[in-house]
Amino acid sequence: MGSRTALATLVALVLATTKADEASSARAASYRRKGLELYAPQHQIEMVPGTAPVPGTNETARLLEAKAWFEKAVEADPSDATNHAYLGNACVRLDDLEGAERAYACALERDPTNARVLSNWGSAYAKIGNYGRAVELFDQAVKLTPEDGTLAKNRDSALSLIHISEPTRPERISDA
């Protein structure tokens, strides 16, 4: 009888943990949705001139609020790579590369095959002019998802920017 009681206790604990995990995941998804509404608002376009909604003028405040929702999503469900990825994206748009690096690294710890996270991280480096690091990340993304032409295009753009931004060196002349 003792083993049945222990088994019943274990089953109850697993069920309670599962319900708590489901609640955390649902809460995180809700927070993420709220963040996305602020991060990438969809404005309905009306066909009548002058009736379309006017986007908010304070984009930084909107992005800071979106970031706060993504942080809540990470807190509610830290195991979800998507929460970390969206936090990283918000950090990039707010010019917080350190925050983006932390968030993208966490996303990749949870989902190391996420080519989009690698590409977004590469874009963060391209934004600050570190095209070499951007190309490294884009290369990793392309290796994971070679059929995604956007990833290859991002890599090729960063390679072009390296050639434009660096002075011509003798070893580059032979590459032409």
Side-chain angles (χ1 to χ4, degrees), residues 6-45 53-128 130 133-134 136-155 158:
L7 181 60
T9 302
L10 180 60
V11 168
L13 180 61
V14 168
L15 289 174
T17 303
T18 301
K19 287 184 183 197
D21 288 347
E22 288 172 3
S24 293
S25 293
R27 197 168 45 257
S30 173
Y31 294 152
R32 187 172 58 236
R33 272 191 305 278
K34 289 177 181 182
L36 284 171
E37 288 170 7
L38 293 159
Y39 178 79
Q42 301 299 310
H43 299 288
Q44 186 175 10
I45 298 173
V54 177
T57 56
N58 192 345
E59 183 174 357
T60 301
R62 186 175 50 77
L63 289 172
L64 285 168
E65 188 176 349
K67 180 184 172 193
W69 284 112
F70 295 140
E71 288 169 337
K72 286 183 176 191
V74 164
E75 187 178 311
D77 187 359
S79 67
D80 189 334
T82 304
N83 296 332
H84 294 279
Y86 279 121
L87 177 58
N89 294 346
C91 288
V92 169
R93 292 207 28 212
L94 289 164
D95 294 325
D96 175 10
L97 185 60
E98 289 179 20
E101 286 208 64
R102 282 190 303 274
Y104 289 146
C106 287
L108 289 171
E109 283 175 14
R110 286 145 183 83
D111 183 3
T113 63
N114 192 321
R116 285 288 165 188
V117 171
L118 287 164
S119 181
N120 290 346
W121 199 353
S123 294
Y125 275 102
K127 181 178 180 180
I128 63 166
N130 188 339
R133 180 67 176 132
E136 291 172 11
L137 291 162
F138 291 141
D139 276 342
Q140 290 177 39
V142 169
K143 285 177 186 167
L144 289 171
T145 314
E147 69 278 2
D148 188 333
T150 301
L151 301 176
K153 186 181 92 176
N154 290 346
R155 182 201 54 216

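- The minimum heavy-atom distance between Gly99 and Cys91, with the atom names listed, is C-SG, 3.7 Å.
- Considering CD of Glu59 and CG of Leu94, their distance stands at 8.5 Å, rounded to 0.5 Å.
- Using a cutoff of 4.0 Å between basic side-chain nitrogens and carboxylate oxygens, Arg62 and Glu65 are not scored as salt-bridged.
- Enclosure of atom CZ in Phe70 by more than 12 non-hydrogen atoms of other residues, nucleotides or ligands within 6.0 angstrom is indicated.
- Scanning all heavy atoms of the two residues, the minimum distance from Ala76 to Ser24 falls at O-CB, 3.2 Å.
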CA sep, side-chain torsions, deciding dist, call: Tyr39, Leu63, side chain to side chain contact (heavy atoms under 4.5 Å, CB included): CA-CA 6 Å; Tyr39 178 79; Leu63 289 172; 3.9 Å; yes
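- Considering Leu137, Val142, Leu151, Asn114 in turn, Leu151 is the only one that fulfils the side chain to side chain contact (heavy atoms under 4.5 Å, CB included) rule with Ser119.
- For the atom pair CG (Asn120) and CZ (Phe138), the distance works out to 8.5 Å, reported to the nearest 0.5 Å.
- Considering all non-hydrogen atoms of both residues, Pro78 and His84 come closest at O-NE2, 2.9 Å.
- Closest heavy-atom contact between Gly122 and Ala134: O-CB, 3.2 Å.
- Heavy atoms only, all atoms of each residue included: Gly35 and Ala66 are closest at O-CB, 3.4 Å.
- Here the side chains of Glu71 and Glu75 are not in contact, with every heavy-atom distance at 4.5 Å or above.
- Using a cutoff of 4.0 Å between basic side-chain nitrogens and carboxylate oxygens, Asp139 and Arg155 are scored as salt-bridged.
- At least one side-chain heavy atom of Leu97 sits under 4.5 Å from a side-chain heavy atom of Ile128.
- There is a side-chain donor-acceptor pair under 3.5 Å between Asp77 and Ser25.
- Within 6.0 Å of CD in Glu147 there are more than 12 heavy atoms belonging to other residues, nucleotides or ligands.
- Tyr86 OH to Arg33 CZ: the interatomic distance, rounded to the nearest 0.5 Å, is 12.0 Å.
- Counting all heavy atoms, side chain and backbone alike, Ala73 lies closest to Asn83 at O-ND2, 3.3 Å.
- We find the OG1-CZ distance between Thr150 and Arg116 to be 5.5 Å, quoted to the nearest 0.5 Å.
- The pair Glu136-Arg133 meets the salt-bridge criterion, since a charged nitrogen lies less than 4.0 angstrom from a carboxylate oxygen.
- Atom NZ of Lys127 is surrounded by more than 12 heavy atoms from other residues, nucleotides or ligands within 6.0 Å.
- You'll find the side chain of Lys67 stays beyond 4.5 Å of the side chain of Arg93, heavy atoms only.
- A donor-acceptor pair is defined here as one N or O able to donate and one able to accept, closer than 3.5 Å; no such pair exists between the side chain of Arg110 and the backbone of Thr82.
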Might you work through the side chain to side chain contact (heavy atoms under 4.5 Å, CB included) test for Tyr104 and Val92, ending with a clear yes or no? CA-CA 10 Å; Tyr104 289 146; Val92 169; 3.6 Å; yes
